[in-house]
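Step one of this worksheet: look at the structure below.
A note on names: the letters A, B, ... follow the listed sequences, proteins ahead of strands, and every chain is numbered from 1.
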Number of protein chains: 2
Amino acid sequence: MKPGNIQITTPSPVRAELAHKFANWQTRKPDGFVCPVRDALDRIGDKWTMLVLIALADASMRFSELHRAVPNISKRMLTQTLRELERDGLVLRRVFPTKPPSVEYELTDLGCTLFEPVGTLVRWVEQSHGPIQAARQRFDAAAPSARGGQVILATDKQ
Amino acid sequence: MKPGNIQITTPSPVRAELAHKFANWQTRKPDGFVCPVRDALDRIGDKWTMLVLIALADASMRFSELHRAVPNISKRMLTQTLRELERDGLVLRRVFPTKPPSVEYELTDLGCTLFEPVGTLVRWVEQSHGPIQAARQRFDAAAPSARGGQVILATDKQ
DNA sequence: CAGCATCCAGTATGATACTG
DNA sequence: CAGTATCATACTGGATGCTG
């Protein structure tokens, strides 16, 4: 096929699987193209959803507990995020008609299943954090002017 | 503590692990709070990164091949996405000084490692797609006016 | 071919104030 | 307490035109 003598040696079977699925998603519809990955990322990829979910991993919580547990989230965003999660059946909302009212949020079974993929993702980040940082430094150091970065070019060039 | 007699029965160990980590991320810094999950989602959670990555799972590709392979992406976004990936060391960019120039993109070893978490995520989406759809329909059908949805209120009361 | 620069619109999020 | 409503803004991404 192509010159295979590069240092790409990962024989991951997942890779082929993904490539195949990707092809399928494409050939479906010439205009629509709804890919499950995009679908997933639209759901959990926003700024707060994962944080709320993980906060709820510990225990079910009331609104204001969550508000305290998730750093810097606004009530507006917390409400919105919880509504989405409730709508998707990942979180259960239970209202207790006390006075003043109290509301508890907890993960559903479906919501709990999210922890497998998320756990995998977290482990990946923890492992690749170092290499990525290194790669960035290399990149930023190597091509300062090539990308319009505001760098003070001295007389020397790397 | 709280009424625990609900149908939440998942005994996932990952759950406790995540909860614990979350607590750690929080107690770190009162202001910063950089959570690896957010970090990861910032990296792969945007509109195109995953698509490009998966497109490259099949084989290394030239710029215009990618442009064709990823549906509806603009050159602007493709370039931008590839730069980020290159910077993070997930993708390797190789320029061939032909005329006109040609550039090949391929996954690095580090980039390939992403397929494990992503594969897990994809599998999760495929499995939970049905339940989520169902939950949504239930939710939307059950509480049309309760969520500020634009429902036609006969008496015009708000 | 493989980009980059510019402009612009839509959306995601934040700040603030008000309510049952 | 647990939200809702409104306004302000920052950022993302799309369209377009220009280059070597």
Side-chain angles (χ1 to χ4, degrees), chain A residues 31 33 38 41-52 55-56 60-87 91-106 143 145-150, chain B residues 2 31 33 38 41-52 56 60-87 91-106 143 145-151 153 157-158:
Chain A
D31 54 309
F33 184 69
R38 275 254 44 79
L41 291 177
D42 286 345
R43 188 162 299 112
I44 67 168
D46 63 36
K47 196 169 179 181
W48 300 111
T49 299
M50 276 312 307
L51 271 335
V52 170
L56 285 174
S60 52
M61 282 183 157
R62 299 181 50 180
F63 186 86
S64 29
E65 288 181 295
L66 271 173
H67 195 199
R68 282 185 290 273
V70 181
N72 298 342
I73 194 171
S74 66
K75 286 197 289 187
R76 173 164 145 47
M77 278 299 107
L78 181 55
T79 303
Q80 187 172 306
T81 303
L82 285 168
R83 281 293 173 284
E84 275 305 299
L85 289 173
E86 187 195 357
R87 183 169 114 99
V91 156
L92 180 64
R93 175 175 182 266
R94 295 199 298 167
V95 184
F96 299 94
T98 58
K99 198 194 152 330
S102 73
V103 181
E104 280 226 344
Y105 292 92
E106 64 185 300
S145 57
R147 294 182 335 283
Q150 57 277 55
Chain B
K2 10 179 217 317
D31 54 308
F33 184 69
R38 275 255 42 79
L41 292 177
D42 286 344
R43 187 162 299 111
I44 67 168
D46 63 34
K47 196 168 179 183
W48 299 111
T49 298
M50 276 314 307
L51 271 334
V52 170
L56 284 174
S60 52
M61 282 183 156
R62 299 182 47 182
F63 186 87
S64 29
E65 288 182 294
L66 271 172
H67 195 200
R68 281 185 292 272
V70 181
N72 298 342
I73 195 172
S74 65
K75 286 197 291 183
R76 171 162 145 51
M77 279 300 108
L78 181 54
T79 303
Q80 187 172 304
T81 303
L82 285 168
R83 280 295 171 283
E84 275 304 299
L85 289 173
E86 187 195 357
R87 184 168 114 99
V91 156
L92 180 64
R93 175 174 181 265
R94 294 199 298 166
V95 184
F96 299 94
T98 58
K99 200 194 151 330
S102 73
V103 181
E104 279 226 345
Y105 292 92
E106 64 185 301
S145 58
R147 295 182 336 282
Q150 53 274 59
V151 195
L153 270 204
K157 193 268 177 182
Q158 193 34 288

*Spell out protein contact along nucleotides 13-20 of chain C as letters: B when the base is contacted, S when just the sugar-phosphate is, - when no protein heavy atom is under 4.0 Å; keep the 5' to 3' order.*
BBB----B

*Which heavy-atom pair separates A/Ser102 from A/Arg62 by the least distance, and what is that distance?*
CB-NH2, 3.1 Å

*Evaluate side-chain contact (heavy atoms from CB on, under 4.5 Å) for B/Thr81 paired with B/Leu51, printing each intermediate quantity in order.*
CA-CA 10 Å; B/Thr81 303; B/Leu51 271 334; over 6 Å; no

*Begin from the C-alpha positions of B/Trp48 and B/Asn72 and carry the test side-chain contact (heavy atoms from CB on, under 4.5 Å) through to its verdict.*
CA-CA 10 Å; B/Trp48 299 111; B/Asn72 298 342; 4.3 Å; yes

*Looking at A/Tyr105, does any N or O in its side chain come under 4.0 Å of the phosphate oxygens OP1/OP2 on D/dG3?*
yes

*Closest non-hydrogen atom pair between B/Arg38 and A/Lys47, with its separation*: NH1-O, 3.0 Å

*Nearest-Å distance, CG (A/Leu78) to C1' (C/dA12)?*
16 Å

*Grab the CZ-P distance between A/Arg83 and D/dA5 for me, whole Å please.*
11 Å

*Send over the distance from B/Phe63 CZ to D/dG20 C1', rounded to a whole Å.*
15 Å

*Rounded to the Å, how far apart are A/Leu41 CG and C/dA12 C1'?*
16 Å

*Could you check which of D/dC1, D/dG3, C/dG3 has an atom nearest any side-chain atom of A/Arg93?*
D/dG3

*Give the rounded distance in Å between these two atoms: CG of A/Asp42 and P of C/dT11.*
13 Å

*A/Met50 vs B/Leu41, side-chain contact (heavy atoms from CB on, under 4.5 Å): CA-CA, chis, key distance, verdict*: CA-CA 9 Å; A/Met50 276 312 307; B/Leu41 292 177; 3.4 Å; yes

*Given the rule in the side-chain contact (heavy atoms from CB on, under 4.5 Å) test, do A/Glu65 and A/Tyr105 qualify, once you have shown the distances and angles that lead to the verdict?*
CA-CA 10 Å; A/Glu65 288 181 295; A/Tyr105 292 92; over 6 Å; no

*Between atom CG in B/Leu82 and atom P in D/dG13, what is the gap in whole Å?*
14 Å

*Residue list, salt bridge (charged side-chain N to carboxylate O under 4.0 Å, His left out) with B/Arg43, at least two apart or on another chain*: B/Asp39, B/Asp88

_Measure CE/A/Met61 against P/D/dC1 and give the value in whole Å, please._
15 Å

_Whole angstroms only, please: what is the NZ-P distance between B/Lys99 and C/dA2?_
14 Å

*asked:* Under 4.0 Å, heavy atoms only, any strand: does B/Phe96 hit a base, just the sugar-phosphate, or nothing?
replied: nothing

